[in-house]
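One-based numbering, in listed order, for ligands and for the atoms of each.
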Amino acid sequence: MGDAEASLMLTLLPPAVLLLLLAARLHPCVRAGRRPCRRPTLALAASLLLGLGCACSALLVEPHLWCSHAPSPAWPPAAPAVVGAVGWAVLCEPPPRRAAPPHAALHSFLPPAAGLLVPLTSEIEAQSGRHARSQAFSVAACAARLLPIVFGLARPSSRAHLLPWLPVEAGLLALTLLVGCITSGTPRTLTSAPGCEPLNASLVAVGVSSSARELERVRWDAEQREMERVLPRGLGLCSSVAELWRQHHRMLEEARAMRDEASKADEVATSTTASSQDHERDKEHHTIWHYLWTCCPKVYLFPGLVCSLFLTASSFGTPYVQGVLFDVAVNATFTNGTTIDEAWDSQAVLPLLGAVAGLQASTWLFEVLVGTLYALAAHTALTRLRIRMFHNLVQQDAAFFDAHVSGELSSRLINDSGALQSLAQFTSQNLVQAAVRVLGSIVAMFVTHPLLALLATLVTPVNWFIVHRAGEVSGLYGVVQNGAMAKANAQAVEVLGAMRTVQASTAELREARRFSERINRFLKVVIVTVQCQTAVIFAQLGLSKVRDVLVLGFGMHQVLAGNLTIGSFTAFTTYVSLYEQGFLALANIWLNTKQTLIAAGRFLQLMERQPAILAGVGDSPSSCLGLLEFRNVTFAYPAGIEVPVLRGLSFTVEPGTVVALVGASGAGKSTVGRLIERFYDPQHGALLLDGADYRTLDFRWLRRQIGLVEQEPVLFDCSLLENIKYGNPEASDKCAQTAAERANAHEFIRSLPNGYASMPGEKGTRISGGQKQRVAIARALNKEPRLLLLDEATSALDSTNEAIVQSSLDALMQGRTTVVIAHRLSTVVRATKILVLGDGVVLESGTHSELAADPTSAYARFMQHQLVAPAQQY
Ligand SMILES: Nc1ncnc2c1ncn2[C@@H]1O[C@H](COP(=O)(O)OP(=O)(O)OP(=O)(O)O)[C@@H](O)[C@H]1O
């Protein structure tokens with residue numbers, strides 16, 4: 001029986017049992033022609049309705065229970081209540097009517113009432129997991145049984161009747177609890193806990209957890225629960241100020257540690273010193289404005305600035321004119337004793353009202369214009385910044401990419417630059433306006449009433465101190481925030497790029513959990529940041545409110561003393577609010593700038609970073625013979641600088657010959673290939689092409705002379721034709737097709753529905769390994785390289801594919817200097833020269849027959865172990 005059938009049966013079983021019981025109770029009475037005992041019958045009927053209701057709700061409301069692949073609670077939630085009700089019906093065989101204790105009413109009422117908890121607990125279930133309902137049910141059913149018993153025992157009149165039934169009650173309670181425990185999934189909760197294997201085994205033995213499928217379900221449930229556990233429940237507020245303080249310090253420490261770590265990573269990649277890092281950090285502030293300025297389109301910026309000025313002017317004009325209007329109205333009404341109508345018709349009011357309307361209209365218009373122009377400017381600037389950043393990023397050297405995870409870099413490209421965009425937009429939109437507002441309102445306030453103005457600006461230094469400190473702190477918070485987001489992003493990119501491996505390892509939920517842990521970390525940082533910002537706003541607003549009360553009190557005193565008119569005082573309060581707005585905007589700009597500048601420091605470092613090997617530097621000879629020489633080359637990777645991989649390696653490859661590199665795993669064969677491509681420069685010795693030192697050649701010219709075919713060729717999600725032309729986009733389609741023909745790729749490409757326009761998918765997932773390899777060979781052929789580098793190009797293929805690819809490679813090698821890194825005998829034996837690498841040097845060299853002739857040679861040993869696969873039966 002499948003899961004779905006079992007669940008269905010178990011859901012319908014309790015109502016069926018109840019129906020039978022009811023029938024059994026009613027049948028003798030009907031036959032004897034007497035009325036059945038009312039209370040137990042009613043209770044049974046109510047329980048039956050309840051059981052049916054639960055079954056229907058499970059069938060209709062939770063159809064996922066019946067879908068065989070979904071894990072479901074094996075027992076229906078109504079079971080505990082039903083067991084309780086059945087027990088009650090058995091227990092409550094009618095006592096003599098007159099002796100019926102008062103608790104009997106409760107007794108008959110409570111078990112069905114427990115059933116009402118079903119809809120009530122659905123909310124709890126939604127919040128805390130699907131088994132909450134059964135647990136709540138079980139507890140309610142027990143309480144329903146327990147309460148009337150306690151109540152009955154407390155009354156001497158009913159105690160004698162109840163005492164003989166107590167053992168039965170205890171048994172029923174235990175049964176109800178047990179059923180509730182099983183249906184609520186408690187055994188699964190227990191068995192999924194680490195170290196519970198013995199319990200698990202015993203549950204299997206007693207039949208609670210009956211099969212491997214059950215164990216699988218246990219695991220699935222545990223993962224789902226774990227998943228729900230790591231979902232953020234919402235903004236957790238700090239329990240106390242002390243806790244907030246502790247979190248704040250932890251965060252600062254983390255921010256400093258992250259900055260040091262980032263500097264170290266860059267030191268590894270760039271070999272820059274700590275002092276130069278400090279110097280770079282000092283330069284950051286200038287650089288960021290430089291970039292924002294150069295990337296910002298002036299066609300939006302300058303009109304935006306002009307509109308800002310107009311907006312500020314109109315926002316100052318409005319309170320001034322309003323003040324004058326108030327004074328005119330007040331004077332007309334109260335001083336001269338004119339009526340309101342006369343005052344309204346007077347010459348001054350209407351023009352002043354018109355002026356206010358005009359000023360409001362211009363404020364409205366300029367506000368819209370300013371917002372639009374600055375938004376356009378900021379978005380364009382950001383796009384330009386991202387393009388420049390990507391441009392610089394793809395030009396970095398291999399050592400840089402060894403030291404940085406690609407997901408982290410993409411996060412810097414998208415998220416960190418996003419912070420710059422909001423800084424650019426917010427600053428450009430508000431800076432001029434806020435500065436003019438603050439300065440203008442200070443001047444206007446002092447002109448209106450100097451003493452009141454002094455009082456209004458008294459809190460400014462304290463406020464500014466708070467903002468200044470908060471700016472530095474929020475900058476450090478920004479570092480942690482960006483770091484947390486970069487880590488989450490790196491994991492997402494890594495997992496999404498290796499989905500097949502993840503799915504094959506059934507690690508989807510594990511990865512989802514890992515991601516949620518990382519993104520939760522980001523949320524936690526944001527929460528602490530918000531809490532600290534709240535503290536700053538709290539302090540600032542508090543000071544402002546105190547200031548407002550003082551200004552109002554002193555202002556009213558001055559109005560009553562006749563030193564200030566009501567109109568001037570009204571205008572003054574508007575100046576104060578303009579000053580407040582301007583100050584808050586400036587404070588926000590300061591905080592934003594600090595946060596973005598510190599947090600976007602890494603982004604800028606990436607923008608500014610110069611690769612160790614520069615393009616466009618060095619010679620680009622007109623021809624290339626293909627004479628390659630390694631002269632006493634010593635090399636260690638930047639990430640493992642203390643362990644050299646090559647230690648004085650020397651060999652020569654004559655033009656047009658084939659040299660095979662063999663050696664144990666980790667001997668440095670691929671490293672030789674990477675040096676030939678000049679992904680790295682050796683620390684000592686030199687590589688020479690046609691007698692010219694690699695360092696004197698332009699590496700872009702050099703790489704154009706080399707065709708590379710790797711063990712796992714990378715195809716991009718563009719058409720196969722574009723993939724073939726990737727190394728030489730100037731080649732004509734005809735040349736690309738000829739290259740495909742020579743690489744034995746033409747036939748299979750033609751057989752695809754879209755031919756050369758077919759998309760191979762990300763990393764070429766829609767075509768086979770052998771086909772991918774042939775496209776890669778066609779790509780190398782299309783470059784017409786002088787030098788060929790084959791890095792285990794056939795080792796991932798089966799023998800049929802290998803034969804096809806090998807014939808393609810033979811076509812590719814003709815007349816070209818070739819370096820082959822191979823594990824297979826068939827690839828190596830035909831080489832002009834074989835070099836056996838070991839300990840970072842060439843241990844032996846010669847042709848296959850020369851080396852194989854000496855049975856004691858490293859090559860012979862190597863052949864035995866690596867090249868010739870032992871023909872053993874599995
Ligand atoms: N990017 C890197 N950073 C640091 N160390 C590296 C890097 N790439 C390789 N190494 C180390 O350099 C050594 C040589 O690696 P290499 O890939 O050249 O070996 P190989 O002979 O090609 O091995 P295999 O036959 O298994 O592919 C290894 O010890 C490896 O751990």
Side-chain angles (χ1 to χ4, degrees), residues 264-271 393 396-409 490 494 611-613 628 630 633-651 653 658-685 687 694 699 706 708-714 769 773 776 788-797 802 818-828 831 833-845 851 858-859 861-869:
K264 249 186 236 159
D266 275 358
E267 266 177 55
V268 167
T270 59
S271 306
L393 207 55
Q396 297 306 315
D397 45 81
F400 172 84
F401 291 105
D402 284 349
H404 293 87
V405 186
S406 56
E408 189 195 323
L409 291 177
E494 188 182 29
I613 304 171
L628 180 71
F630 269 60
V633 168
T634 298
F635 173 73
Y637 284 98
I641 199 79
E642 61 289 343
V643 192
V645 179
L646 305 179
R647 303 159 192 263
L649 180 75
S650 298
F651 67 87
V653 188
V658 178
V659 164
L661 297 178
V662 295
S665 176
K669 304 179 293 292
S670 299
T671 305
V672 168
R674 286 170 205 145
L675 290 180
I676 293 174
E677 280 274 3
R678 208 185 165 196
F679 292 142
Y680 306 88
D681 275 337
Q683 282 86 22
H684 299 291
L687 273 87
Y694 259 37
F699 80 83
I706 304 171
L708 172 69
V709 184
E710 294 166 286
Q711 185 180 10
E712 284 178 21
V714 176
Q773 201 65 274
L788 258 184
L789 187 56
L790 309 179
D791 192 350
E792 299 177 18
T794 57
S795 64
L797 305 177
E802 192 195 357
T818 308
V819 177
V820 188
I821 298 163
H823 283 163
R824 296 206 184 188
L825 191 60
S826 52
T827 329
V828 178
K833 191 161 63 175
I834 298 165
L835 305 176
V836 183
L837 295 192
D839 294 331
V841 290
V842 176
L843 296 177
E844 289 162 10
S845 72
L851 291 171
Y859 180 72
R861 272 202 312 278
F862 181 71
M863 247 179 30
Q864 224 172 356
H865 291 122
Q866 300 279 323
L867 301 177
V868 186

Between T671 and Y637, is there a side-chain donor-acceptor contact under 3.5 Å, judged purely by atom types and distance?
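Their side chains do contain a donor-acceptor pair, which is all the 3.5 Å distance test asks for.
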Ligand 1 atoms in contact with [X] (distance to a heavy atom under 4.0 Å):
{"X": "V645", "answer": "12 (O), 13 (C), 14 (C)"}
{"X": "T671", "answer": "14 (C), 15 (O), 16 (P), 18 (O)"}
{"X": "S665", "answer": "23 (O), 24 (P), 25 (O), 26 (O)"}
{"X": "D402", "answer": "1 (N)"}

Does some non-hydrogen atom of G666 fall short of 4.0 Å from ligand 1?
yes
Do [X] and [Y] touch side chain to side chain, with heavy atoms closer than 4.5 Å?
{"X": "Y680", "Y": "D397", "result": "no"}
{"X": "L843", "Y": "Y859", "result": "no"}
{"X": "F635", "Y": "V672", "result": "no"}

Any chance you could measure F401, atom CZ, to L393, atom CG, to the nearest 0.5 Å?
5.0 Å
